[in-house]
Undergrad: 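Sharing a structure here in structure tokens format.
Both backbone and side-chain heavy atoms feed into the values below; hydrogens, waters and symmetry mates do not.
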Amino acid sequence: MRVTLEIKKKCSFFWLRGIRSARIDKCCAKCFIGTAYHEVYEGTKYRDKALVELELKPDMRIKAYYLCGLSRGFKYEDNTHVAFVPCEGQNIEIENDKIRLVVTDARQIDFQSYQPNPEGEFTHEQRTCRNWIFANYLLDGMPL
């Protein structure tokens, strides 16, 4: 898979994880156990514009990938959340006023409407965190 991420509007930063496992006792990036692709974070941190390109090598331990982009001011509606898995012959293409993202040989996972209901006490911050929602999606065995 090849990831091309162009930042068109000032952002705080983006990060990308290859997820081997997940946890729901935390929120945000701490939900994911796996490989961090630091070049995404370093290439986008507090930039007005940026272009990051990287090749993701096959790794059978990785269940899914998650790209998270945090807007300046951390405005919930301006953040970016894209979960995906390898899928030869398909591509993900997202373009808006903030970003242009192309991931070759990948399929996007539609988890945004998933409503987890795990046992236990969880904060409002956790329950509204899309990373936490996707961690639950994985742990609940939802389709990838």
Side-chain angles (χ1 to χ4, degrees), residues 1-24 26-118 122-144:
M1 288 183 297
R2 181 159 186 76
V3 176
T4 302
L5 173 64
E6 178 186 355
I7 305 300
K8 300 193 293 185
K9 184 177 182 181
K10 192 180 286 189
C11 71
S12 287
F13 56 85
F14 277 69
W15 54 261
L16 175 65
R17 296 282 190 283
I19 304 167
R20 291 190 306 271
S21 187
R23 56 190 292 176
I24 60 171
K26 305 285 184 192
C27 71
C28 302
K30 294 177 183 172
C31 287
F32 303 129
I33 299 163
T35 304
Y37 296 91
H38 298 289
E39 53 267 64
V40 174
Y41 176 76
E42 295 299 329
T44 62
K45 185 170 69 171
Y46 304 114
R47 302 281 173 91
D48 292 348
K49 296 184 186 308
L51 178 63
V52 176
E53 297 179 296
L54 69 145
E55 193 75 32
L56 299 177
K57 303 286 185 214
D59 184 338
M60 298 307 293
R61 299 170 302 160
I62 293 176
K63 295 178 182 174
Y65 294 85
Y66 197 98
L67 177 70
C68 181
L70 299 172
S71 64
R72 275 287 163 98
F74 301 100
K75 294 180 185 171
Y76 185 81
E77 62 276 0
D78 288 341
N79 295 341
T80 299
H81 296 271
V82 181
F84 59 95
V85 291
C87 186
E88 194 170 328
Q90 289 191 30
N91 296 323
I92 299 168
E93 296 185 30
I94 298 171
E95 184 158 6
N96 54 43
D97 64 326
K98 300 177 290 272
I99 67 164
R100 182 179 153 283
L101 172 68
V102 177
V103 185
T104 61
D105 293 319
R107 178 180 48 79
Q108 190 169 348
I109 301 167
D110 180 20
F111 73 96
Q112 300 285 353
S113 63
Y114 186 67
Q115 296 180 348
N117 193 20
F122 298 99
T123 66
H124 175 74
E125 179 185 32
Q126 285 171 303
R127 290 192 178 276
T128 57
C129 172
R130 285 175 272 184
N131 301 276
W132 186 85
I133 293 168
F134 188 66
N136 275 276
Y137 185 94
L138 285 174
L139 293 173
D140 290 346
M142 300 304 291
L144 299 177

Undergrad: So do the side chains of R127 and P118 get within less than 4.5 Å of each other, counting heavy atoms only?
TA: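 Yes, at least one pair of side-chain atoms sits under 4.5 Å.
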Undergrad: Should T35 and L16 count as side-chain neighbours, where that means a heavy-atom distance under 4.5 Å?
TA: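 Sidechains of L16 and T35: no contact.
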Undergrad: Mind listing the closest non-hydrogen atom pair of T44 and V40 along with its distance?
TA: OG1-O, 2.8 Å
Undergrad: How far apart are the closest heavy atoms of R17 and Y37, and which atoms are they?
TA: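 Reported closest heavy-atom pair: C-CE1, 4.2 Å.
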Undergrad: Just wondering, are more than 12 heavy atoms of other shown residues or ligands nearer than 6.0 Å to CD in E125?
TA: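 No, CD of E125 has 12 or fewer neighbouring heavy atoms, counting only those of other groups under 6.0 Å.
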Undergrad: Quick check against the 3.5 Å criterion: does D140 have a side-chain atom that pairs as donor or acceptor with the backbone of M142?
TA: no
Undergrad: Would a 4.5 Å heavy-atom cut-off, applied to side chains only, mark Q108 and I94 as touching?
TA: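 Q108 vs I94: side chains touch.
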Undergrad: I need the L70 CG to C11 SG distance, nearest 0.5 Å.
TA: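 Answer for the CG-SG pair, L70 versus C11, is 8.5 Å.
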Undergrad: Indicate yes or no for a side-chain donor-acceptor contact from W132 to the backbone of I24 under 3.5 Å, with no hydrogens or angles considered.
TA: yes
Undergrad: Donor-acceptor pair, distance only, cut-off 3.5 Å: does the side chain of N91 make one with the backbone of D105?
TA: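 Checking the backbone N and O of D105 against the side chain of N91, a donor-acceptor pair under 3.5 Å is found.
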Undergrad: Taking all heavy atoms of C28 and all of C129, pick out the closest pair and write down the distance.
TA: N-SG, 3.3 Å
Undergrad: L101 versus T4: any side-chain heavy-atom pair under 4.5 Å?
TA: no
Undergrad: Out of curiosity, W15 CH2 to Y41 OH, how far, rounded to the nearest 0.5 Å?
TA: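 Nearest 0.5 Å value for the CH2-OH distance: 12.5 Å.
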Undergrad: Give a yes or no on whether the backbone of P143 and the side-chain of Y137 come within a donor-acceptor separation of less than 3.5 Å.
TA: yes
Undergrad: Quick check for you: to the nearest 0.5 Å, what is the distance between I109 atom CD1 and Y65 atom OH?
TA: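 Reported value, rounded in 0.5 Å steps: 11.0 Å.
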Undergrad: Here's a test for you: under side-chain contact (heavy atoms from CB on, under 4.5 Å), which of M1, R107, Q90 qualifies with F84?
TA: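 When side-chain contact (heavy atoms from CB on, under 4.5 Å) is applied between F84 and each of M1, R107, Q90, only M1 qualifies.
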Undergrad: Distance only, no hydrogens: is a donor on one side chain within 3.5 Å (strictly under) of an acceptor on the other, for N79 and S71?
TA: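 Side-chain D/A pair, N79 to S71: present.
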Undergrad: If I take atom CG from residue N117 and atom CD from residue Q115, how far apart are they, to the nearest 0.5 angstrom?
TA: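 CD of Q115 is found 9.0 Å from CG of N117.
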Undergrad: Donor-acceptor check, side chain of T104 to backbone of R2, threshold 3.5 angstrom: yes or no?
TA: yes
Undergrad: Got more than 12 heavy atoms from elsewhere within 6.0 Å of NZ, K30?
TA: no
Undergrad: Ignoring hydrogens, what is the shortest heavy-atom contact between Q112 and H81? Give both atom names and the distance.
TA: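 It is NE2-O, 3.5 Å.
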Undergrad: Looking at CD1 of I33 and NZ of K26, how far apart are the two atoms once the value is rounded to the nearest 0.5 Å?
TA: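 NZ of K26 is found 11.0 Å from CD1 of I33.
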Undergrad: In Å and rounded to the nearest 0.5 Å, what is the CG to CG distance from L144 to L138?
TA: 6.0 Å
Undergrad: Is the F134 ring parallel, tilted or perpendicular to the Y66 ring (thresholds 30°, 60°)?
TA: tilted
Undergrad: State, with a plain yes or no, whether a side-chain heavy atom of I7 is found less than 4.5 Å away from one of K49.
TA: no
Undergrad: Taking all atoms of both residues into account, what is the closest heavy-atom pair of R47 and E42, and its distance?
TA: NH2-O, 3.4 Å
Undergrad: Would you check if F14 and I99 make a side-chain contact, meaning some heavy-atom pair closer than 4.5 Å?
TA: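 Counting from C-beta outward, F14 and I99 do come under 4.5 Å.
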Undergrad: Please give me the minimum heavy-atom distance between R61 and R20, naming the atom from each residue.
TA: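 Minimum heavy-atom contact is O-CG, 3.4 Å.
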